[in-house]
Amino acid sequence: MQAWRVRENGEPGEVMRREETGPPVPGPGQVLLKVRATGLNFPDALLCRGQYQVRPPLPFTPGVEICAETEDGRRVLATPALPYGGLAGYTVADEAGLFPAPDALDDAEAAALHIGYQTGWFGLHRRAGLRAGETLLVHAAAGGVGSAAVQLGKAAGATVVGVVGGADKAAVARELGCDIVVDRRSEDVVAAVKEATGGRGADVIYDPVGGAAYQQSAKLVAFEGRIVVVGFASGTVPAPALNHALVKNYSILGLHWGLYAVKDPAAVRRCHDTLTELAAKGLIKPYVSERVPFADAADAVQRIADGTTTGRVVVLPEGARA
């Protein structure tokens with residue numbers, strides 16, 4: 001089978017190599033899966049760089065989110081068991097971690113559902129307790145993680161403010177359903193959001209960016225608001241001023257979604273059922289901006305690392321039609 005493999009850490013476009021290799025052999029409790037589509041994520045770039053919290057042994061195959069087919073013909077969503085990632089013809093995953101692919105979504109859309117939307121649902125509902133009528137601000141609203149949060153916020157009845165970088169991403173944010181869109185490249189984010197919210201700010205702020213975005217969040221969070229820290233795509237981990245949180249009465253909430261699979265797997269399965277229902281009702285649908293041929297996977301991961309993509313980028317297996 002064909003597989004993309006990383007034999008040394010570095011930039012994805014430089015270290016990912018397409019190779020011919022045999023299919024992996026499932027270990028105890030694992031199943032062999034035929035990959036139908038692989039949703040790319042920022043962690044794939046971090047894995048290539050050796051900067052992710054999990055460091056698989058070299059060589060490894062990136063691809064942490066897939067829609068796949070079991071040997072008995074079931075269409076499922078899975079997180080592959082590294083070092084056998086999803087950018088290959090076949091991979092392996094834990095049987096206990098398989099989820100039925102929603103019938104309302106095609107393979108590419110289904111491959112983009114699991115991590116981003118689970119993260120969004122746990123962040124907005126389990127951690128922040130988002131309520132209908134509240135204002136939700138989403139940083140990087142046109143990206144893979146942000147676009148999921150936008151749709152989930154709208155499904156929950158919130159007014160959604162999307163912060164983006166560039167006119168093309170602003171157009172995507174509007175298409176996703178943002179009520180207010182702020183382009184950080186041409187506007188003062190703090191001033192624009194305060195004006196749009198009558199000076200009140202946002203009840204919930206969803207931040208997968210960190211760095212300067214977090215500093216803006218601290219200025220924009222409303223009284224008794226909640227800032228959900230999802231990641232640091234900017235590359236800068238902020239140092240919150242806790243005295244500011246004290247005097248302004250807001251909460252800073254961390255979210256490491258992967259822990260739920262260990263600490264509360266039943267909650268992950270309930271979340272999947274909720275997402276499946278929302279997809280069936282047409283309230284959420286992953287925005288797949290690109291369906292990339294298998295041969296172009298390394299370039300696609302590099303573009304995600306560079307922050308130049310919008311929505312979700314999905315790699316299709318060898319011979320599949322886009």
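Residue numbers run from 1 in the order of the sequence given.
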Self-check item: Pairs where residues 80-119 contributes a residue and the test ring-ring contact (aromatic ring centres under 6.0 Å, His included) is met, not counting sequence neighbours
Solution: Phe99-His114, Phe99-His272, His114-Trp257

Can you check whether [X] reaches [Y] side chain to side chain, under 4.5 Å on heavy atoms?
{"X": "Pro62", "Y": "Leu87", "value": "yes"}
{"X": "Pro59", "Y": "Val6", "value": "no"}
{"X": "Gln118", "Y": "Leu275", "value": "yes"}
{"X": "Arg126", "Y": "Tyr260", "value": "yes"}
{"X": "Asp168", "Y": "Val172", "value": "no"}
{"X": "Leu136", "Y": "Leu124", "value": "yes"}
{"X": "Pro102", "Y": "Leu77", "value": "yes"}
{"X": "Met16", "Y": "Cys48", "value": "yes"}

Is [X] reaching over with its side chain to a backbone N or O of [Y], donor-acceptor style, under 3.5 angstrom?
{"X": "Asp94", "Y": "Gln30", "result": "no"}
{"X": "Asp207", "Y": "Val228", "result": "no"}
{"X": "Asn41", "Y": "Gly39", "result": "yes"}
{"X": "Thr38", "Y": "Gly86", "result": "yes"}
{"X": "Glu65", "Y": "Ile115", "result": "yes"}
{"X": "Ser251", "Y": "Leu253", "result": "no"}
{"X": "Thr308", "Y": "Arg303", "result": "yes"}
{"X": "Asp179", "Y": "Val160", "result": "yes"}
{"X": "Ser289", "Y": "Thr310", "result": "yes"}
{"X": "Glu187", "Y": "Asp183", "result": "yes"}

How many angstroms lie between atom [atom1] of [X] and atom [atom2] of [Y], to the nearest 0.5 angstrom?
{"X": "Phe122", "Y": "Leu259", "atom1": "CZ", "atom2": "CG", "value": "11.0 Å"}
{"X": "Asp203", "Y": "Thr135", "atom1": "CG", "atom2": "OG1", "value": "5.5 Å"}
{"X": "Asn9", "Y": "Leu46", "atom1": "CG", "atom2": "CG", "value": "11.0 Å"}
{"X": "Leu40", "Y": "Ile304", "atom1": "CG", "atom2": "CD1", "value": "4.5 Å"}
{"X": "Lys154", "Y": "Leu176", "atom1": "NZ", "atom2": "CG", "value": "11.5 Å"}
{"X": "Trp4", "Y": "Thr21", "atom1": "CH2", "atom2": "OG1", "value": "14.5 Å"}

Exercise. Could you please spell out the steps behind the salt bridge (Lys or Arg N to Asp or Glu O under 4.0 Å) verdict for Lys169 and Glu175?
Key: CA-CA 10 Å; Lys169 294 187 177 183; Glu175 182 179 345; over 6 Å; no

Quiz item: Mind checking what makes side-chain hydrogen bond (donor to acceptor under 3.5 Å, both in side chains) contact with Asp306, not counting sequence neighbours?
Solution: Gln302

Practice problem: Answer with yes or no whether the side chains of Glu224 and Asn249 bring together a donor and an acceptor at under 3.5 Å. | Solution: no

Quiz item: Is a side-chain donor-acceptor pair under 3.5 Å present for Glu20 with Gln2?
Solution: yes

[Y]/[X] salt bridge by N-O under 4.0 Å criterion:
{"X": "Arg18", "Y": "Glu318", "value": "yes"}
{"X": "Arg75", "Y": "Glu69", "value": "no"}
{"X": "Arg49", "Y": "Glu14", "value": "no"}

Self-check item: Apart from Tyr250 itself, residues in the same hydrophobic cluster as defined by side-chain heavy atoms under 4.5 Å
Solution: Leu137, Val161, Val163, Ile180, Val182, Val189, Val190, Val193, Ile205, Tyr214, Leu220, Val221, Ile227, Val229, Phe232, Val237, Leu242, Ile252

Has [X] got more than 12 heavy atoms of other residues, nucleotides or ligands less than 6.0 Å from its [atom1]?
{"X": "Glu8", "atom1": "CD", "result": "no"}
{"X": "Lys285", "atom1": "NZ", "result": "no"}
{"X": "Glu19", "atom1": "CD", "result": "yes"}

Quiz prompt | Test log, rule salt bridge (Lys or Arg N to Asp or Glu O under 4.0 Å), inputs Glu95 and Arg74 | solution = CA-CA 12 Å; Glu95 172 75 50; Arg74 290 174 290 148; 3.7 Å; yes

Practice problem: Could you please spell out the steps behind the side chain to side chain contact (heavy atoms under 4.5 Å, CB included) verdict for Thr119 and Val230? | Solution: CA-CA 8 Å; Thr119 299; Val230 184; 3.7 Å; yes

Practice problem: Might you work through the salt bridge (Lys or Arg N to Asp or Glu O under 4.0 Å) test for Arg291 and Asp106, ending with a clear yes or no? | Solution: CA-CA 12 Å; Arg291 298 169 187 245; Asp106 66 22; 3.0 Å; yes

